[in-house]
Each structure stands twice: as C-alpha cells, then as structure tokens.
Amino acid sequence: MGNLDEFLTGENTKKNFEATKPNSTNSSIIKLDITCLEKILEYFSGDLATLFKCLLVNRLWCKIVVPLLWSNPFEYLKYQKHDHGWQLIRTYLSCLPEEEKQIVNKWILQSDLRKPLFDYPIYLKCLDTFGFQEAMTKWKRYHWKTVWERLGHFDMDKAIGDILFRRCKGLDSLYIIFFAYTQNIAYFEEPLNGLTKLQTCKIIHDFQGRYYNYTENREQVTLNDNFKIISKYAHNIKYLEINLPENRSGRTGQELVKLLKNQKNLEEFVVREFWDISLAADIFDTLKLQCNFLRALSFTRLTHFHEKLSQLLNSCPNLKILRFLEPDIREDSEVPNFNCKLTNFCVWGKPMVSHFIINPDITFNLDIVKSIIESSVSTLTKLVLGTFTKELCSTIFQCTKLKFLIIQAKEDISSLLPLYLSMSDLQQLTLFGKPKNYFNQQTLLKFSNSLPSTLHHLDLLLEISPKDLMVLLSNCTSPLRKISLHHQQNIFDDILLFLKKYIQMNKGFSELRYIIDNKVYGEVYLDPILQALRSIPKLKYVLGKNNFYPYYFQDTGYF
C-alpha cells in the first residue's frame with residue numbers, strides 16, 4: 001500500500017509501474033470500459049486511502065488515479081501528521097522544462113530536479129493559497145542548511161506559482177485565505193490559463209487567529225489586486241464566497257461590484273458584509289444581473305435591510321435558499337411584499353458568546369421574517385429561526401411541506417406547537433432555549449404525543465431534566481433514529497439505564513449525540529461522565545464549544 005510520502009517522491013509509483021506488466025493474473029481481471037472506470041474512481045476522490053490502493057492495481061488504474069490525487073494536492077496537507085509539504089514542492093520543481101531547470105540549477109539541488117513520471121501541474125483543479133504557502137514554508141525549512149542560503153533573490157514562490165498557472169488546464173476552484181504574507185495571485189504569470197474555467201471562488205480572511213502580524217495596508221493592496229485579476233479572467237463563477245473583516249476601504253466594495261458585474265451565471269453567493277453602507281445599493285443592483293441564475297444567497301452580519309435587497313429577492317425566480325446569519329439591523333425598514341418561493345430559509349444570531357452557550361437571538365425585523373415565510377408557504381421544506389414567537393408559530397401552520405425545523409422559542413408556545421406538530425410531516429425537529437417555552441409538567445405528555453409519525457431526528461439542545469426526558473421519550477411514538485441531548489449533570493443511574501434500554505429496543509436507532517459544554521469540559525468529574533457514556537450503544541459525544549457549532553450545523557447543511 002502506498003502513502004502520500006512515497007507518492008509525492010514518485011519512488012513507489014515508479015516501482016509499481018515496473019511491477020505491473022501484463023501477466024496471467026492481471027489478464028484475468030474483467031476489463032471495464034475506461035469511461036466507466038473513471039466515473040467509479042472519481043467517486044472516491046475524497047478518500048485518500050482507497051485511491052492509494054487503486055493506484056497500485058495496474059498502469060491503467062494508476063493513469064486514472066494520479067489526476068485525482070493531484071487535482072487538489074494542497075488540501076491533503078491539512079490531514080498529514082508529518083511535515084510532508086516540502087516533498088510536494090520538490091515534485092513540482094521536478095516538472096520544470098529542461099530549459100527552466102538550467103536557470104534554477106545554481107539554486108536548487110540536482111536531486112530535486114529529476115524527471116517525474118507524470119506532468120503533475122496539468123492535473124491541478126483546486127488551488128488553496130493557504131496550503132500553497134504552508135507547503136512553500138515547509139520546503140524552505142527543510143532545505144534551510146543546504147539551499148536556503150544560496151537562493152539569493154530567486155523567488156521560489158513565484159516560480160512554483162508560475163508553473164501551476166501556466167501548465168494547469170484550468171482551475172475549477174480557488175480558495176484565497178488571507179493571513180500574513182498571503183500570496184498575490186496577480187503576481188503569477190499567465191493567470192488567464194488558470195482562471196477562465198473557474199466555477200468556485202472563496203476569498204476568506206483568517207478569523208482563526210493563526211497569524212496576527214499582517215500589515216493592514218499591504219493586505220488591502222493584495223486583496224484588491226486579487227479582486228481585479230479574478231474579475232478580469234473569471235467570468236463563469238457559480239459559487240462565490242467572500243468573508244472579510246468589517247470596515248474595509250470603499251475601494252474593496254467597488255472591486256466587489258466589478259467582480260459581480262463580470263459574472264455570467266452566478267448561482268450561489270455567500271458574503272459577510274464588509275463594504276461601506278453607501279455601496280449597498282450598487283451591490284444589490286449588480287446581483288440583480290444574476291437574477292435568473294441565483295439559487296442561494298447567504299448574508300452574514302448584515303447591518304440593514306436595504307430596499308434594493310427586497311427588490312433583489314423578488315427578482316430571482318429560481319432562488320431556493322436564503323440565509324441571514326448574525327443580522328444586526330440598525331434602522332427600521334419598511335417591510336415590503338415578497339413573492340419569493342424558498343425551500344430553505346434561515347435567520348440565526350451569533351453562534352457563540354461564552355463557554356458553550358448558543359445565542360441565536362436576532363435583532364432582525366420579525367415582520368420581514370414572517371413576510372418571507374408567508375410568500376414561501378407552498379415550497380418551504382427547511383426553516384431555521386433563532387427567535388421564534390407565537391405569531392411565527394401560527395404562520396408555519398400554512399407550511400404544509402416543511403420537513404426540517406430548528407427554532408429557539410422566545411416565549412411560551414406550549415399551546416401552539418403541539419397543534420402544529422400533530423398535523424405536520426416533520427422529519428427533523430431541533431429545539432433551543434428554555435424548556436418551559438415548549439412544555440411543562442402539564443403539557444409534556446401532550447407535546448410527546450404530538451410528535452409526528454414521520455419524525456426520525458429529534459434534538460433537545462436545552463436543559464431538560466432526566467425525569468422529563470424519560471417521560472417524553474417513553475410516550476413518543478415517532479420512529480426516532482437520531483437524538484441529540486445537551487449535557488445533564490445527573491447522567492448516571494436511572495437516565496443512563498433508560499437510554500441504554502431505549503436504544504436497544506429501537507432496532508432502527510442509529511446515533512445518540514451527547515453535547516458536553518466547556519463548563520464541564522476540563523473538570524475533574526468529566527472522566528466518570530465519559531466512562532458512563534461509553535456504556536451507551538451508538539453514542540457520539542461532542543466536547544466543547546469549538547467542536548459543537550461546526551459539527552452540528554455545518555454537517556447538517558443548515559449553515
């Protein structure tokens with residue numbers, strides 16, 4: 001079996017090329033149509049272990065698998081336990097034409113320039129600038145004593161970038177992650193060849209704080225240069241995501257307008273508001289040029305509901321997904337009439353405040369939310385609301401196709417919710433907030449009995465007592481296959497035995513997710529809790545705020 005280390009150096013691949021000559025064993029293998037085989041192997045494009053096994057079957061399989069492995073090589077660095085980035089760069093250096101090798105011979109070791117088995121740069125489909133910089137940094141560190149001092153003014157980053165942009169057959173995806181010393185793609189030669197087929201583009205600031213020492217002015221110049229070069233060459237982007245800090249200069253917002261104007265068929269746009277408020281009208285007007293293609297819009301940290309935005313929503317006949325994440329409306333806006341027909345609508349507040357606390361509250365005008373829901377009652381299948389009221393609960397009675405509902409009730413809806421649930425066809429129900437807003441000792445049984453026969457996924461991410469949980473699940477007739485629970489201090493004794501018995505009795509049950517917040521994570525009594533949890537079959541526990549939010553929301557496709 002091969003691994004990435006051996007594959008990058010080409011040694012293992014070369015040995016297997018020599019070892020896979022036709023023989024009686026190979027000839028007995030049923031030959032598949034090449035196109036069919038390519039489709040089958042493409043299915044495993046994200047499974048490295050399987051691809052490496054397929055790589056060693058024979059020459060044909062190797063020829064098909066190599067382009068898959070080298071379509072997004074920098075992504076693999078995220079999963080490597082060892083410092084292998086330098087070998088990735090070494091392999092790319094070996095792909096230089098002979099005349100270019102002569103130019104860099106005085107800087108690079110001869111062993112780094114041996115002839116490769118494949119022309120690896122032509123297979124590149126996805127370029128991640130963060131992974132690119134990581135690989136370059138690892139190569140320089142590995143060669144510090146033997147090469148680094150002899151590099152002189154030779155720009156290794158540009159040399160490798162030029163190879164990739166000049167030789168690739170066209171990128172499908174480009175991810176630009178901004179941090180200290182972010183590479184400016186406008187600096188590479190012939191970006192035309194790499195960007196004309198671009199369909200997915202992400203421009204994201206590094207919010208994880210891995211690097212702090214960037215210079216604001218330098219970053220701003222690099223950001224605008226990248227906007228310009230993408231606007232110039234990439235006109236067929238279907239998915240565009242831009243997530244940058246607030247209060248950027250007006251010039252960046254203007255470059256965004258140009259970028260949007262140059263697109264022909266944009267289908268999904270995800271953006272964190274970073275532009276000056278004076279540019280909002282231009283941005284929404286420009287998005288209207290894509291109205292016949294837009295299928296999904298996600299706005300993060302939107303600070304105002306501009307009338308141009310409502311016009312945009314009403315002008316998109318194919319818009320199916322609309323998300324407002326962390327909206328912060330700072331001024332009253334007149335609520336327009338909507339005619340959009342959504343299948344997925346989400347309005348959610350800040351994901352985290354402290355410890356594990358989820359704070360989905362919104363300051364978004366609930367009349368706008370109600371109006372959008374009312375316009376989509378005949379099509380809506382997914383609804384996520386961080387602030388749920390009696391009025392909104394009454395509104396969803398009309399949503400006959402709703403299958404997924406995630407809410408945080410801000411007032412007592414215990415009399416309305418069971419009525420809705422009993423007549424719904426929900427498949428997933430997730431409840432945040434205070435249990436008393438959904439049920440009490442008098443209404444708990446009614447709530448449990450109202451859960452629909454179609455429900456198979458129930459998330460109770462609130463402080464429900466063990467006794468109430470047992471009553472709820474004991475009287476629920478829904479065929480639940482997945483349940484998520486927020487941590488209870490008393491997970492031992494009765495509730496532990498009850499959960500084990502409940503799961504064993506339900507043969508179709510697949511997973512119990514138990515969420516442990518940071519208030520417990522790290523405490524001395526965590527180990528006994530985990531030991532008790534491990535006795536529950538089909539359990540998946542999640543520790544701490546850093547794991548919960550992306551695990552729960554991103555993996556379920558809501559965010």
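Computation of the quantities below employed the complete heavy-atom set of this structure, encompassing side-chain atoms and omitting hydrogens, waters and symmetry-equivalent molecules.
In this structure the side chain of Leu260 never reaches within 4.5 angstrom of the side chain of Gln290, judged on heavy atoms. Ser310 has its side chain out of reach of Leu313: every pair of non-hydrogen atoms, C-beta onward, lies at least 4.5 Å apart. For the pair Lys538 and Leu512, the minimum side-chain heavy-atom distance is 4.5 Å or more. Looking at Leu297 and Phe269, their side chains come closer than 4.5 Å, going by heavy atoms from C-beta outward. By the 4.5 Å heavy-atom criterion applied to side chains, Leu421 and Pro418 are not counted as neighbours. Contact check for Leu392 versus Lys370: side-chain heavy atoms found under the 4.5 Å cut-off. A 4.5 Å side-chain heavy-atom check between Lys500 and Pro537 finds at least one atom pair inside the cut-off. Residues Ile203 and Asn226 are not in side-chain contact: their nearest non-hydrogen atoms beyond the backbone lie 4.5 Å or more apart.
Between Lys390 atom NZ and Asn437 atom CG the span is 9.5 Å, to the nearest 0.5 Å. A distance of 8.5 Å separates CZ of Phe388 from OH of Tyr438, quoted to the nearest 0.5 Å. A distance of 5.5 Å separates CD in Glu255 from CG in Asn224, rounded to the nearest 0.5 Å. In this structure, CG on Leu431 lies 7.0 Å from CG on Leu417, to the nearest 0.5 angstrom. Interatomic distance, Leu68 CG to Glu42 CD, rounded to the nearest 0.5 Å: 6.0 Å. To the nearest 0.5 Å, atom CG of residue Leu472 and atom CG of residue Asn449 are 9.5 Å apart.
Annotation for Lys341: atom NZ counts as buried by contact number, over 12 foreign heavy atoms lying within 6.0 Å. The neighbour count for Lys482 NZ, taken as heavy atoms of other residues, nucleotides or ligands under 6.0 Å away, does not exceed 12.
Lys410 and Thr387 get closest at one heavy-atom pair: CG-CG2, 3.4 Å. Scanning both residues, Tyr239 and Lys202, for their nearest heavy atoms gives CE2-CE, 3.7 Å. Contact record, Thr200 with Leu198: O-CD1, 3.6 Å, taken as the closest heavy-atom pair. Shown here for Phe338 and Ser371, the closest heavy-atom pair between the two residues is CD1-OG, 3.1 Å. Summarising the geometry of Cys201 relative to Ile230, their closest heavy-atom pair is SG-CD1, 3.8 Å, with the distance given to 0.1 Å. Contact between Ser414 and Thr443 at its shortest, heavy atoms only, is CB-OG1, 4.0 Å.
Shown here are the side chain to side chain contact (heavy atoms under 4.5 Å, CB included) partners of Ser478, two or more places apart in sequence or in another chain: Leu451, Leu455, Cys476, Leu480. In this structure Phe397 satisfies the ring-ring contact (aromatic ring centres under 6.0 Å, His included) test together with Tyr420, sequence neighbours excluded. Every residue two or more places apart in sequence or in another chain that forms a side chain to side chain contact (heavy atoms under 4.5 Å, CB included) with Gln427 is listed here: Lys403, Phe404, His456.
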Show every donor-acceptor pair shorter than 3.5 Å between a side-chain atom in residues 501-509 and any protein atom, with sequence neighbours excluded, or say none if there are none.
| unit_1 | atom_1 | unit_2 | atom_2 | d |
| --- | --- | --- | --- | --- |
| Asn506 | ND2 | Tyr502 | O | 2.5 |

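A donor-acceptor pair is defined here as one N or O able to donate and one able to accept, closer than 3.5 Å; such a pair exists between the side chain of Asn318 and the backbone of Asn292. A donor-acceptor pair is defined here as one N or O able to donate and one able to accept, closer than 3.5 Å; no such pair exists between the side chain of Ser474 and the backbone of Val471. Asp459 places no side-chain N or O within 3.5 Å of a backbone atom of Leu461 that could act as its donor or acceptor partner. Using a distance-only test at 3.5 Å, with no hydrogens or angles considered, no donor-acceptor pair links the side chain of Gln398 to the main chain of Val377. Using a distance-only test at 3.5 Å, with no hydrogens or angles considered, no donor-acceptor pair links the side chain of Asn265 to the main chain of Phe293. At least one donor-acceptor pair closer than 3.5 Å links the side chain of Asn314 to the backbone N or O of Asn337. A distance-only check finds a donor-acceptor pair linking the side chain of Gln263 to the backbone of Ala234 [under 3.5 Å]. Panel note: side chain Thr343, backbone Thr381; no donor-acceptor pair is recorded below 3.5 Å. Panel note: side chain Ser453, backbone Thr477; no donor-acceptor pair is recorded below 3.5 Å.
Applying the salt bridge (Lys or Arg N to Asp or Glu O under 4.0 Å) rule to pairs touching residues 411-433 yields nothing, sequence neighbours excluded. Here salt bridge (Lys or Arg N to Asp or Glu O under 4.0 Å) pairs that include residues 428-454, with residues two or more places apart or in two chains, number zero.
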(request) Check the pair Leu174 / Ile185 against side-chain contact (heavy atoms from CB on, under 4.5 Å), numbers first and verdict last. (result) CA-CA 10 Å; Leu174 174 64; Ile185 63 169; 3.8 Å; yes
(request) Give the intermediate values and the outcome of side-chain contact (heavy atoms from CB on, under 4.5 Å) for residues Glu273 and Thr303. (result) CA-CA 8 Å; Glu273 186 184 32; Thr303 56; 2.8 Å; yes
(request) Quick one: do Leu319 and Leu342 satisfy side-chain contact (heavy atoms from CB on, under 4.5 Å)? Show the steps, please. (result) CA-CA 6 Å; Leu319 188 66; Leu342 305 174; 4.0 Å; yes
(request) Give the intermediate values and the outcome of side-chain contact (heavy atoms from CB on, under 4.5 Å) for residues Asp282 and Trp275. (result) CA-CA 11 Å; Asp282 291 338; Trp275 54 81; over 6 Å; no
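For the residue pair Thr300 and Arg272, no side-chain donor N or O sits within less than 3.5 Å of a side-chain acceptor on the partner.
The aromatic rings of Phe227 and Phe274 are tilted relative to each other, their planes meeting at an angle between 30° and 60°.
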